[in-house]
Amino acid sequence: MAMNILFGIIMLVAFLLVTFFGLGPVLLADGSTSERLATLAVVVIIYAVLVTITVVFIKKRRVKHIK
């Protein structure tokens, strides 16, 4: 139970940090469009990795819980 809560807090902090430091430059930076799109691509990849880690963790915890 404590592991689930700790994992949830860590993932929440990770998503908030990526949102703040990743989407902030994409939306508010004064760079060129290509720089913004490159940053957006990296941010989307980081989001995909975080979502994948979360889904894998939840599935593993469910399988362990059922057995």
Side-chain angles (χ1 to χ4, degrees):
M1 183 69 173
M3 183 68 153
N4 290 340
I5 294 171
L6 180 63
F7 179 76
I9 291 171
I10 290 171
M11 292 311 291
L12 177 66
V13 169
F15 275 104
L16 289 174
L17 288 172
V18 170
T19 301
F20 184 74
F21 291 110
L23 290 181
V26 171
L27 298 174
L28 303 173
D30 58 350
S32 67
T33 304
S34 61
E35 288 176 2
R36 287 182 173 194
L37 289 177
T39 304
L40 180 62
V42 171
V43 170
V44 168
I45 291 169
I46 293 171
Y47 274 131
V49 169
L50 288 175
V51 167
T52 304
I53 290 170
T54 304
V55 168
V56 167
F57 180 81
I58 290 172
K59 284 185 178 182
K60 282 188 177 185
R61 295 299 289 180
R62 279 193 187 157
V63 171
K64 245 184 210 179
H65 182 66
I66 293 172
K67 290 182 179 180

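When reading the values below, keep in mind they use all heavy atoms of this one structure, side chains included, and skip hydrogens, waters and symmetry mates.
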Using the rule that two of Ile, Leu, Val, Met, Phe, Trp, Tyr join whenever any of their side-chain heavy atoms come within less than 4.5 Å, decide whether V55 and I46 are in one cluster. yes

Shared hydrophobic cluster, F20 / L17 (ILVMFWY, side-chain heavy atoms < 4.5 Å): yes

Heavy-atom check, side chain of V51 versus side chain of F15, under 4.5 Å: yes

Note: L27 and R36 closest approach over all heavy atoms is O-NH2, 4.0 Å

Please step through side-chain contact (heavy atoms from CB on, under 4.5 Å) for the pair I53 and F7, ending with a clear verdict. CA-CA 10 Å; I53 290 170; F7 179 76; 4.2 Å; yes

Separation of E35 CD from L37 CG (nearest 0.5 Å): 10.5 Å

Say you draw a straight line from CG of L12 to OG1 of T54; how long is it, rounded to the nearest 0.5 Å? 10.5 Å

Hphob cluster co-occupancy, V42 + L50, side-chain heavy atoms under 4.5 angstrom: yes

Would you say the side chain of Y47 lies within less than 4.5 Å of the side chain of V43, judging by non-hydrogen atoms? yes

Nearest 0.5 angstrom please: N4 CG to I58 CD1, how far? 8.5 Å

